[in-house]
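For reference, the structure discussed in these notes is given below.
In this text, all values refer to a predicted model and were calculated from it rather than measured experimentally. Sequence positions, counted from 1, serve as the residue numbers for this chain.
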Amino acid sequence: MDARFLGIAQLVDVPPVAVVVDVMRAFTVAAWAFGQGAEKIVLAESLDEALALKGRHPDWVALKDGPPAPGFDTVNSPGLLRSLDLGGRTVVQKTTAGTVGALAVKEASLVLCASFVVAGATARLLRTRKCADVTFVVTGEDGHADEDLACAQYIARRATGAGAGTDAAGFLRRAGESRAAAELTEGVRQGVHPDDVALCLELDRFPFAMVATLEDSLMVLRPCAVPWPTVVGRPSADSGRV
């Protein structure tokens, strides 16, 4: 697999396959939303659009970065979201980096949104679909966020047959030592739960990848189950905790 790692501003053409990575916290939150039963997530281009969508669909759940705000139901925190029952609900998500990155590649043939909690499933989907040319969009810090780059590099290695048994420890350590992790831990960012960093570093928490597609002009994210591959008599090297 030919993998490129680019920041949002470095995207000059539409890649055939894009994996948009936001570990802390957009696509960890998105995975938790699906884990809590959400049917789909609409990725909003702006706070105004998110509020407009919420206004037209009062039963939708709107969330954003930062502190609570009028019109929004919750914030972009996995620790806070895990207590919500989202069974069958639609979530509207607007974040500083993750949703922006996904919308920047919305014309790609395949768009996956990823973080460590869905890393294995994302790698398996890339391998299952035999994706030869993949652009990993590192969303944080203008493409320099080490937690996002570490996750992207980890997924890229696992997506190749040779990297199926890749040790995640070093990649997770980089993410845990990142500026974003420090800011969340030290309270620099608002709308944070004390467990957020730990939840963002929980490898393969969910068994699905997350696929974003255009639906009636909206970028919509949905979970896509990707079964663990097996070898007769034992799990494959790519199997792990779910």
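Note on ring orientation: taking the six-membered ring where Trp is involved, the planes of Phe116 and Tyr154 are tilted (angle from 30° to 60°). Using a 30° and 60° split on the angle between ring planes, Phe206 and Trp32 fall in the perpendicular class, above 60°.
What you find for Leu47 and Phe72 is that their closest heavy atoms are CD2-CZ, 3.8 Å. Leu110 and Cys131 make their closest contact through CD2-SG, 4.0 Å (heavy atoms, listed as atom of the first residue, atom of the second, distance). Scanning both residues, Gln93 and Leu63, for their nearest heavy atoms gives CG-CD1, 3.5 Å. Smallest separation of non-hydrogen atoms from Ala209 and Leu125: CB-CD2, 3.9 Å. Taking each heavy atom of Pro15 and Ala108 in turn, the nearest pair found is O-CB, 3.1 Å. Closest approach of Ala102 and Leu43 over heavy atoms only: CB-CD1, 3.6 Å.
Residues passing the side-chain hydrogen bond (donor to acceptor under 3.5 Å, both in side chains) test with Glu45: none are found, sequence neighbours excluded. Scanning for side-chain hydrogen bond (donor to acceptor under 3.5 Å, both in side chains) contacts around Thr135 gives Arg4, with sequence neighbours left out.
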TODO: I would like to know whether Thr139 and Ile8 meet side chain to side chain contact (heavy atoms under 4.5 Å, CB included); could you show each step before the answer?
DONE: CA-CA 6 Å; Thr139 61; Ile8 298 171; 4.2 Å; yes

Task: Intermediate values then yes/no, side chain to side chain contact (heavy atoms under 4.5 Å, CB included), Asp196 and Met24 - done: CA-CA 8 Å; Asp196 278 357; Met24 297 186 186; over 6 Å; no

TODO: Check the pair Leu126, Ile155 against side chain to side chain contact (heavy atoms under 4.5 Å, CB included), reporting the backbone distance first and the verdict last.
DONE: CA-CA 9 Å; Leu126 291 172; Ile155 293 171; 4.1 Å; yes

Open item on the list: Checking Leu81 against Leu86 for the side chain to side chain contact (heavy atoms under 4.5 Å, CB included) test, could you report, in this order, the C-alpha distance in whole Å, the side-chain angles of both residues, the deciding distance, and whether it holds?
Closed with: CA-CA 9 Å; Leu81 198 73; Leu86 299 175; 4.2 Å; yes

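Not a single donor-acceptor pair under 3.5 Å links the side chain of Glu147 to the backbone N or O of Ala181. Not one N or O on the side chain of Arg189 forms a donor-acceptor pair closer than 3.5 Å with the backbone of Glu183. Under the 3.5 Å distance criterion, the side-chain polar atoms of Asp2 are left unmatched by any main-chain donor or acceptor of Asp133. The backbone N or O of Ala175 sits less than 3.5 Å from a side-chain atom of Ser178, completing a donor-acceptor pair. Proximity of a side-chain donor or acceptor of Arg127 to a complementary backbone N or O of Arg158 within less than 3.5 Å is detected. Under a 3.5 Å cut-off, the side chain of Gln36 and the backbone N or O of Leu84 do form a donor-acceptor pair. At least one donor-acceptor pair closer than 3.5 Å links the side chain of Arg124 to the backbone N or O of Val226.
With rounding to the nearest 0.5 Å, the separation of CG in Leu201 from CG in Leu203 is 9.5 Å. Note that CZ of Arg25 is 10.0 Å distant from OG1 of Thr95, once rounded to the nearest 0.5 Å. Atom CZ in Arg222 sits 13.5 Å away from atom SG in Cys113 (nearest 0.5 Å). To the nearest 0.5 Å, atom CG of residue Asp148 and atom CG of residue Asp22 are 5.0 Å apart. Note that CH2 of Trp60 is 10.0 Å distant from CD of Glu39, once rounded to the nearest 0.5 Å. Atom CD1 of Ile41 and atom CG of Leu218 lie 13.5 Å apart (nearest 0.5 Å).
Hydrophobic clustering keeps Val61 apart from Val92 (ILVMFWY residues linked when any side-chain heavy atoms are closer than 4.5 Å, directly or through intermediates). One hydrophobic cluster, built from ILVMFWY side chains closer than 4.5 Å, cannot hold both Val75 and Phe27; they sit in different ones. Taking hydrophobic clusters as Ile, Leu, Val, Met, Phe, Trp and Tyr residues chained together by side-chain heavy-atom distances below 4.5 Å, Leu6 shares a cluster with Val20. Val211 and Val42 fall into different hydrophobic clusters, where Ile, Leu, Val, Met, Phe, Trp and Tyr residues are linked whenever their side-chain heavy atoms come under 4.5 Å apart, directly or through other members. Linking Ile, Leu, Val, Met, Phe, Trp and Tyr residues whenever their side-chain heavy atoms come within less than 4.5 Å places Leu184 and Val21 in a single cluster.
Under the 4.5 Å side-chain criterion, counting only non-hydrogen atoms from C-beta, Thr99 is not in contact with Met219. At least one side-chain heavy atom of Leu214 sits less than 4.5 Å from a side-chain heavy atom of Glu107. Contact of the Cys200 side chain with the Pro78 side chain is registered, since non-hydrogen atoms from C-beta on lie closer than 4.5 Å. Under the 4.5 Å side-chain criterion, counting only non-hydrogen atoms from C-beta, Val91 is not in contact with Val29.
Between the side chains of Thr96 and Asp65, at least one donor N or O sits under 3.5 Å from an acceptor N or O.
By the 6.0 Å contact criterion, CG on Asp195 is enclosed, its count of non-hydrogen atoms from other residues, nucleotides or ligands being greater than 12. Counting heavy-atom neighbours within 6.0 Å of Arg89 CZ, excluding the residue itself, gives a total above 12.
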